Amino acid sequence: MSNQPIHLKAAGPKNDRQAIWETIRKHGVDGQTFTAPDIRGQLPACPLSRIRDYLTCLTAAEYLACKKADKPGAPNSYTLKRDTGIEAPRVRKDGTAVIQGMAREQMWRTMKVIGEFNAHELATNASTEACLVAQHDAKSYIGYLHKAKYLHMTTKANTHGGLARYRLLPSKNTGPKPPKVQRIKNVYDPNIGKVVWSQEAQQ
């Protein structure tokens, strides 16, 4: 029986990368080396080509050190240089970070930490050098999470320019991945695998 976590059993490149990263972290403790076939041995459903591609990305971004194989056809060996935690690094083959979706990941993490907030405070506290969060993006995301009943409005906006204030409901802290606003304006929570609010259902 597979030991792969249930949230990683769905097929697809995104879940594969998360599974690969978690396997790398297990193989790479205490400076141990590993190869792409070693990772494949733990993830038989993941194509070897996809594992190699992600190892290339992680090497370019300096998460891994790569030692080229001495013999033709033998696999390269890798060492984990930089372990940044459970979340798989989102990087391209040239080592640059993929920032799409990063703002909402940062907002989701931040609202758990700062407690009560308005759109300005959330944008300010969630911003990093790599990804600045605009206040209008924070306001939009807050609006959808409020509609989905993930946020409780503690203070209403006022006519003097005061922004509404919110707090994440403890029961809605569903996991590490941010709820997504889909193109059809649904709110989908990947932590529980459900659409939690639908614009169509409100009409």
Side-chain angles (χ1 to χ4, degrees), residues 5-10 12 14-15 17-22 24-26 58 61 63 80 82-91 96-203:
I6 190 167
H7 70 286
L8 300 178
K9 288 184 179 180
K14 185 173 181 180
N15 283 341
R17 284 194 166 198
Q18 183 64 41
I20 293 166
W21 175 247
E22 292 182 11
I24 286 171
R25 294 181 75 221
K26 292 176 183 177
L58 293 173
Y63 288 92
L80 180 61
R82 189 156 55 103
D83 185 351
T84 52
I86 187 68
E87 289 294 317
R90 300 172 60 189
V91 289
T96 58
V98 177
I99 64 172
Q100 183 180 3
M102 190 178 294
R104 288 186 175 173
E105 290 180 4
Q106 292 170 187
M107 284 190 281
W108 179 241
R109 287 196 299 266
T110 300
M111 61 179 63
K112 299 177 187 181
V113 174
I114 64 176
E116 192 174 306
F117 54 86
N118 60 33
H120 173 74
E121 292 166 346
L122 181 61
T124 300
N125 285 278
S127 291
T128 65
E129 290 185 6
C131 181
L132 296 176
V133 179
Q135 183 172 316
H136 65 84
D137 287 338
K139 186 175 181 180
S140 174
Y141 194 46
I142 286 171
Y144 279 106
L145 292 186
H146 184 237
K147 290 175 182 177
K149 298 182 179 179
Y150 275 54
L151 301 180
H152 169 65
M153 184 187 293
T154 59
T155 306
K156 292 183 178 180
N158 60 51
T159 56
H160 302 291
L163 299 172
R165 300 184 66 79
Y166 300 84
R167 181 183 294 274
L168 176 66
L169 293 170
S171 63
K172 297 299 183 179
N173 184 0
T174 54
K177 299 182 183 298
K180 298 179 179 181
V181 181
Q182 299 176 318
R183 290 183 180 180
I184 55 176
K185 305 303 181 186
N186 288 346
V187 178
Y188 172 78
D189 189 336
N191 300 296
I192 59 176
K194 291 182 180 180
V195 172
V196 293
W197 181 84
S198 169
Q199 186 178 63
E200 183 178 345
Q202 309 305 311
Q203 296 174 349

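The structure displayed is predicted, hence computed values, not measured ones.
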Distance-only donor-acceptor hits, side chain of residues 132-150, under 3.5 Å, sequence neighbours excluded:
| unit_1 | atom_1 | unit_2 | atom_2 | d |
| --- | --- | --- | --- | --- |
| Q135 | OE1 | H120 | ND1 | 3.2 |
| Y141 | OH | P179 | O | 2.6 |
| Y150 | OH | D189 | OD2 | 2.7 |

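- Atom NZ of K112 has more than 12 neighbouring heavy atoms from other residues, nucleotides or ligands inside a 6.0 Å radius.
- For T154 (side chain) and R165 (main-chain N/O), a donor-acceptor pair under 3.5 Å exists by modelled atom type.
- For the atom pair CG of L151 and CZ of R167, the computed distance is 11.0 Å after rounding to the nearest 0.5 Å.
- Within the 3.5 Å criterion, the main-chain N or O of P176 finds no donor-acceptor partner in the side chain of E105.
- The two atoms that bring N186 and Q199 nearest to each other are OD1-N, 3.8 Å, heavy atoms only.
- In terms of heavy atoms, R82 sits closest to A61 at NH2-O, 2.8 Å.
- Closest approach of T84 and P89 over heavy atoms only: OG1-CG, 4.2 Å.
- Atom OG1 of T110 sits about 9.5 Å away from atom CZ of F117, to the nearest 0.5 Å.
- Judged by distance alone, with hydrogens and angles left aside, the side-chain atoms of W21 form a donor-acceptor pair with the main-chain N or O of G85 at under 3.5 Å.
- Between I24 and L58, some side-chain heavy-atom pair lies under the 4.5 Å cut-off.
- Closest approach of K194 to Y188, counting heavy atoms only: O-CD1, 3.3 Å.
- For the atom pair CG (N125) and CE (M111), the distance works out to 11.5 Å, reported to the nearest 0.5 Å.
- Summarising the geometry, atom OH belonging to Y166 is positioned 11.0 Å from atom NE2 belonging to H152; distances are rounded to the nearest 0.5 Å.
- Looking only at distances, a side-chain donor or acceptor of E121 sits under 3.5 Å from a matching main-chain atom of N118.
- Between A103 and C131, the closest heavy-atom pair is N-SG, 3.7 Å.
- Rounded to the nearest 0.5 angstrom, I114 CD1 and L168 CG are separated by 10.5 Å.
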**OP:** Verify side-chain contact (heavy atoms from CB on, under 4.5 Å) between K177 and E87, making sure each step is shown before the conclusion.
**Re:** CA-CA 9 Å; K177 299 182 183 298; E87 289 294 317; 3.9 Å; yes
